[in-house]
Amino acid sequence: MSDQDLVVETVRDILGGFEPFALTAERRWDAGLWGALAEAGLTGVGLPEEAGGSGGELADAVAIVRTLAAGAGAVPVAEQLLVAGPALLTADLDLPSPEHPTTFALGDAVTVHPVDNGDGPGRFTLTGTVPDVAWAGVAQHVVVLAPAPAGIEGAVLALVDASSLPATDASNLAGEPRGTLVLDRVGTSGALLTAAQASELRARYALARSVQLAAALEQVLAWTVQYAGERHQFGRPLGKFQAIQMELAEMAGEVTAVTALTDAAVQALDRGENVVLAAAAAKVRAGAAVEVVARLAHQVHGAIGFTQEHKLHHLTRRLWSWRDEAGSDLAWSRVLGAGVLAGGPDALWPALTRVV
Amino acid sequence: MSDQDLVVETVRDILGGFEPFALTAERRWDAGLWGALAEAGLTGVGLPEEAGGSGGELADAVAIVRTLAAGAGAVPVAEQLLVAGPALLTADLDLPSPEHPTTFALGDAVTVHPVDNGDGPGRFTLTGTVPDVAWAGVAQHVVVLAPAPAGIEGAVLALVDASSLPATDASNLAGEPRGTLVLDRVGTSGALLTAAQASELRARYALARSVQLAAALEQVLAWTVQYAGERHQFGRPLGKFQAIQMELAEMAGEVTAVTALTDAAVQALDRGENVVLAAAAAKVRAGAAVEVVARLAHQVHGAIGFTQEHKLHHLTRRLWSWRDEAGSDLAWSRVLGAGVLAGGPDALWPALTRVV
Amino acid sequence: MSSNSLTLAPAPRSEAAEQLRAEVREFLAAELAAGSFTTHVDTWLSGVDPAFSKKLGERGWLGMTWPKQYGGHERSAMERYAVTEELLAAGAPVAAHWIADRQSGPNLLTYGTEKQRQEILPRIAAGECFFVIGMSEPDSGSDLASIRTKATRNGDGDWVVNGAKVWTSNAHHSHYGIVLVRTSPSDSANRHAGMSQLLIDLSLPGITINPIRILDGGHHFNEVVFEDVVVPGDMLLGEEGNGWHQVTAELAFERSGPERFLSTYPLVAEFGRRVAETGDPAALATLGRLSARILALRQMSLRIAAALDRGELPNIPAALVKDVGTTFEADVIEEVRRVVDVTPSLDSPDPLGRALAEAQLHAPGYTLRGGTNEILRGIVARGLGLR
Amino acid sequence: MSSNSLTLAPAPRSEAAEQLRAEVREFLAAELAAGSFTTHVDTWLSGVDPAFSKKLGERGWLGMTWPKQYGGHERSAMERYAVTEELLAAGAPVAAHWIADRQSGPNLLTYGTEKQRQEILPRIAAGECFFVIGMSEPDSGSDLASIRTKATRNGDGDWVVNGAKVWTSNAHHSHYGIVLVRTSPSDSANRHAGMSQLLIDLSLPGITINPIRILDGGHHFNEVVFEDVVVPGDMLLGEEGNGWHQVTAELAFERSGPERFLSTYPLVAEFGRRVAETGDPAALATLGRLSARILALRQMSLRIAAALDRGELPNIPAALVKDVGTTFEADVIEEVRRVVDVTPSLDSPDPLGRALAEAQLHAPGYTLRGGTNEILRGIVARGLGLR
């Protein structure tokens with residue numbers, strides 16, 4: 001059993017005690033699940049112990065995120081382990097305690113003013129609105145990536161204490177909180193990042209969603225295959241109908257493609273490579289698979305899969321949301337298209353072979 | 001039996017004597033078929049007798065074009081009956097004898113100079129290249145739609161005697177001649193058209209191709225259904241396999257959609273309505289159907305349908321070509337998109353219900 | 001074309017329909033302006049508003065094609081087409097009366113007793129009486145021949161019904177159900193024999209209506225449970241044992257209408273507004289492509305309306321409308337996403353984001369309700385002569 | 001994921017492969033510059049150039065994974081992957097040796113006699129010996145168990161072969177065929193029994209090679225007719241009666257390579273040039289989407305190369321590569337047309353128009369050759385545990 005298998009088993013055991021549920025304005029996340037994960041030290045995996053994390057490899061963190069995504073765990077683990085935590089480490093900022101959820105957000109419309117120009121991590125004030133904040137109202141801290149102050153190249157990474165800030169209670173199609181944070185001269189610790197570092201963080205965010213998508217897509221396929229084997233129509237299992245077999249095989253092709261590419265992008269990240277294009281590709285490919293897999297899963301399940309009682313929607317609604325989060329399919333397609341042409345019109349192939 | 005049924009039967013009888021063949025540089029059209037059609041007066045149908053045509057309705061001309069398209073007749077009948085002839089009538093220009101093929105071409109890069117500024121149909125000289133001329137080298141006359149001389153609104157329709165002009169021997173995917181005509185101060189008769197008239201002629205050209213596409217799509221479906229009923233695999237007819245049934249039904253949906261819309265556009269033309277958007281829609285819808293129908297037809301036919309001996313390619317290669325002729329799918333999509341928004345952002349629905 | 005069963009004659013133009021269309025459009029504009037409804041996606045399932053239905057009834061826009069003696073208006077199917085299409089395009093709340101007007105009324109006209117017609121049809125036409133269809137059951141899925149809800153005659157000649165029906169749209173707002181029941185035991189030699197339709201007052205004792213919430217939490221569907229429900233003997237609809245045939249005959253009505261391709265039109269409308277604003281050429285082309293598909297579907301659906309006016313029941317072309325149309329309804333989502341950077345959320349400040357969210361959350365239903373597309377394609381294959 | 005038979009471990013990085021890749025790229029650039037070939041679509045079917053194949057052999061780029069004793073180079077499947085991928089991306093003329101190098105060589109390595117290996121493999125690796133595969137027959141279609149080409153032993157212990165094989169790629173340029181024949185009568189209880197593979201010298205008397213031209217007139221395929229062809233008894237490949245199993249074992253080689261998704265890559269390259277020129281945002285997005293699909297397919301295919309290096313024969317993942325990959329090959333055409341106004345013509349002055357024409361005219365083949373996608377999906381369904 002690999003380290004990751006052990007991690008997966010631990011997370012599965014914990015998940016077993018918490019059924020997925022429909023998120024509502026009253027019940028915006030699975031605080032109990034989070035508590036159990038935090039208690040087991042799983043909300044700090046992949047973050048070094050000296051920084052307050054639980055240690056472990058990127059692969060461990062990814063395994064946790066995958067397992068929770070497949071289980072529709074309503075907790076900000078992907079954001080914390082794969083984006084916010086590493087972002088703070090990149091910026092050499094202190095990590096808040098992993099026991100309290102920290103999320104990540106793109107504050108492209110935020111204005112940042114330096115308070116302290118001294119060496120090391122400084123102080124900044126932030127003003128503006130940050131839309132689509134994952135787990136707004138749930139996360140105690142929000143790591144905001146914002147443009148650097150006027151006249152300075154690059155970006156600022158700021159750690160915002162969100163516990164006393166108002167957040168709108170908007171949510172995505174799965175009911176996961178995606179509120180807007182309104183910042184009015186909020187003082188934060190922060191650090192300057194280069195433009196390249198900022199791009200890498202955006203890519204990490206997209207890759208985190210890709211990892212979640214890949215896991216959820218695999219789970220949806222597995223459920224659908226199982227259902228087709230069990231459900232009988234016209235006197236035989238659905239899975240014996242050739243039309244259903246064609247649909248399941250198409251789903252399997254999509255899932256396999258997403259997994260292969262996402263895994264490769266994660267490995268590139270683990271090797272310390274620049275993963276902007278790899279993450280873009282993984283996100284775009286996963287987004288394309290969502291359409292096919294969610295559509296065919298519901299088609300095979302028939303009306304029953306469309307009901308709130310059925311587990312299927314916990315993942316299909318997340319799939320439909322996640323594909324447009326952390327940068328839409330369209331936005332990342334353009335990044336990837338421009339990226340593979342960056343070497344010139346005749347260097348497309350070499351560029352493609354360098355992505356992952 | 002309707003008038004059109006009679007026309008169709010006559011054309012089918014004639015077609016029966018001429019097998020479709022692969023067009024080559026040596027054998028660029030079916031001169032024999034053309035001769036037989038001309039002798040039967042079918043190359044002047046829909047054009048008034050007083051103008052030198054054979055009389056009859058638009059519906060008759062469309063029926064002839066459909067039948068020839070489904071039979072892969074390598075003759076410029078669609079161009080002559082549905083575009084060039086009506087264009088000349090619109091411009092009040094004399095029709096060349098319907099016995100000799102006349103085609104139509106868009107000369108957007110042609111410079112036109114007036115020779116005679118008097119009343120009535122005038123004389124012009126034309127200079128420039130006209131690409132993608134259907135039946136270049138075959139048609140004796142080319143009706144060229146070109147921009148009006150500098151300082152004048154609208155367009156010029158010119159009747160070019162192509163018999164002594166050089167044409168490159170390029171061809172489309174089906175081998176149908178699609179050469180470039182090089183005009184060097186060529187004197188022609190011609191007439192000024194309004195911009196609206198010019199748009200209508202472009203639309204007529206697109207609609208002519210849509211009619212051909214609709215007919216060829218129907219024929220490809222019919223062949224494929226027949227093949228699936230006859231060909232046995234694994235001990236039963238292909239058509240008994242559910243996967244094949246799904247594919248045939250998908251083809252049928254596409255074909256039915258194209259036919260319904262194309263027929264409606266033709267009827268609108270017959271009622272004298274402005275058909276720019278109707279033709280755009282028919283062309284775009286037919287073009288979209290080509291991908292599905294040609295792909296699935298070949299998939300059902302298997303490798304045998306991919307051979308030169310098999311009849312299928314006579315139509316699939318035409319489908320792949322025609323969809324990008326007389327204005328590509330993309331170009332007409334933009335025309336249609338802009339057209340349905342012309343009444344403003346809140347008037348899309350009323351616009352849609354006015355198209356056909 | 002050799003596959004003649006798929007081919008219908010083109011629909012003639014109907015000036016009467018166009019005039020009616022203008023009237024409906026004016027009415028809808030006024031209602032929207034007055035705030036009596038707001039536009040939503042898929043309102044023929046989810047937009048229940050009895051008051052709105054009543055307004056339509058008052059204007060003569062329900063029961064349009066029925067004889068005047070039953071409260072109808074003796075209009076053509078083409079005219080009815082124009083009215084329904086305008087209502088859908090506006091995203092108006094038409095769910096309450098939709099099934100009664102589209103399907104149950106025609107069903108009663110064909111198979112109902114004179115008493116049933118006289119009592120019920122005028123109320124439907126007035127927008128005051130709503131219907132559900134009871135066909136699917138928890139275990140039947142697409143295989144309707146496997147239904148188990150049973151009706152047996154008691155000593156008084158009444159029917160005693162036991163069983164459960166699912167996917168009954170808006171049963172909690174409806175007055176009657178037309179319910180497919182087994183009136184004799186199933187026969188493996190003829191799986192379609194022994195079924196009948198009963199007209200059941202949903203307020204009868206023994207009927208329980210349980211909500212079936214869909215994935216976004218919306219309550220449109222129900223399970224209707226029958227426990228020893230005594231249905232008067234004269235509420236048999238049509239002939240005993242003829243249920244399968246009667247159900248099949250309804251399909252041209254059920255599958256061919258504009259609700260099979262316009263459920264997500266409000267999303268197209270929002271997309272159009274966005275394109276008008278940005279002028280993005282790729283989005284313009286996408287709008288053109290979507291428009292071409294809508295225009296083709298309209299002609300397919302209109303041809304069926306014209307065929308209904310000729311007294312035909314073109315079930316196979318109707319299956320094609322539903323297959324091609326419902327595929328389109330879901331495709332709209334992907335086409336829009338391809339060219340516009342928009343986040344789908346019911347809470348979005350952007351109306352396009354909201355419409356996208358509504359369309360997405362309802363998407364699984366489009367190609368399932370009224371016969372899955374796999375079933376429909378099987379029917380089309382039969383029409384092509386393949387089985 | 002529960003469907004484990006589809007899942008393979010990620011491919012490790014291979015620095016050796018990347019270094020080799022650079023060498024191949026340099027070689028190809030020089031050859032292109034010297035005009036020794038021009039880039040075309042689908043050259044692994046249509047780009048026959050024995051001189052070019054010989055050059056590859058000289059550089060050690062054929063028979064790469066085979067033992068040195070047979071002329072091979074004992075490289076990994078990952079290294080071979082890099083070489084084949086570079087050749088395909090450049091649209092180089094690799095058709096002459098493709099089948100021999102990909103499939104027949106490995107087949108001989110597994111099932112051939114020592115004599116066959118020693119005689120033939122070094123010639124393949126040198127780019128001097130080309131192979132065809134004789135499987136399909138005029139009436140067999142996808143149902144290989146129904147083949148009728150027959151081999152019977154004569155008094156000398158030799159095989160006498162009668163029958164015909166179709167779709168033999170480039171038989172008119174090839175030296176040998178590995179031909180699936182029936183060596184005992186068909187048995188309805190076990191349709192896959194009684195078949196064997198024969199290694200047949202195509203210059204033997206009684207063999208006629210008739211061209212099968214495809215729709216654009218191209219001559220790549222042939223019918224190979226066997227009339228009382230006497231094949232030496234020791235040319236049985238593998239075990240008598242084991243032909244079906246042997247054929248099946250080849251499939252991981254046949255279906256998983258980059259030729260299953262790069263046949264139309266030269267069209268993507270031309271499209272990229274156009275996008276670089278225009279900078280059109282919609283076209284950039286399309287290029288991004290196509291790139292993401294290529295990148296995923298590369299990883300799927302690389303995983304199989306790595307599995308082959310581990311000694312596995314992952315046929316079901318290979319079927320997936322071919323299904324997803326060949327679908328992609330044809331989709332490229334539609335994706336490009338959606339954003340670029342280009343007329344496909346072999347005579348086009350625009351290289352994009354020419355590439356589009358080549359890709360379109362070959363399109364029907366992508367999802368048919370090597371098993372139709374319907375057949376492949378059936379195999380995948382079996383892998384999912386469904387039949």
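Only heavy atoms go into these numbers, but all of them, side chains included; no hydrogens, no water, no symmetry mates. Residue numbers start from 1 in every chain, and the chains themselves are labelled A, B, ... in the order their sequence lines are given, proteins ahead of strands.
- Most heavy-atom pairs under 4.5 Å with chain D: of the set A:D346, A:V340, A:V284, this distinction falls to A:D346.
- In this structure, no portion of D:V321 lies under 4.5 Å from any heavy atom of chain A.
- Proximity to chain A (any heavy atom under 4.5 Å) is shown, for D:R274, by neither the backbone nor the side chain.
- Separating the CD1 atom in D:I379 from the CD atom in A:Q245 is a distance of 11.5 Å, to the nearest 0.5 Å.
- One finds the CZ atom of A:R354 at 10.5 Å from the CD atom of D:E18 (value rounded to the nearest 0.5 Å).
- We find the CD1-OG1 distance between D:I316 and A:T256 to be 11.0 Å, quoted to the nearest 0.5 Å.
- Residue D:E85 touches chain A through both its backbone and its side chain, counting heavy-atom pairs closer than 4.5 Å.
- Taking every heavy atom of both residues into account, A:L348 and D:L287 meet most closely at CD2-CD1, 4.2 Å.
- If you measure heavy-atom distances from D:R293 to chain A, the contacts under 4.5 Å come from both the backbone and the side chain.
- For D:A11, the part lying under 4.5 angstrom from a heavy atom of chain A is the backbone only.
- Nearest heavy atoms, D:L384 versus A:A252: CD1-CB, 4.3 Å.
- Looking at heavy atoms from C-beta onward, D:Q299 lies in side-chain contact with A:V356 at the 4.5 angstrom threshold.
- With values rounded to the nearest 0.5 angstrom, D:L295 atom CG is found 5.5 Å from A:L352 atom CG.
- For the atom pair CG of D:L320 and CD of A:E254, the computed distance is 10.5 Å after rounding to the nearest 0.5 Å.
- A salt bridge links D:R303 and A:D263; the closest N-O separation between the charged side-chain nitrogens and carboxylate oxygens is under 4.0 Å.
- Put simply, CZ on A:R334 and CG on D:L284 are 8.0 Å apart, with the number rounded to the nearest 0.5 Å.
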Legend entry - Evaluation steps, side-chain hydrogen bond (donor to acceptor under 3.5 Å, both in side chains), between A:T353 and D:R25: CA-CA 12 Å; A:T353 58; D:R25 210 171 268 175; 2.9 Å; yes
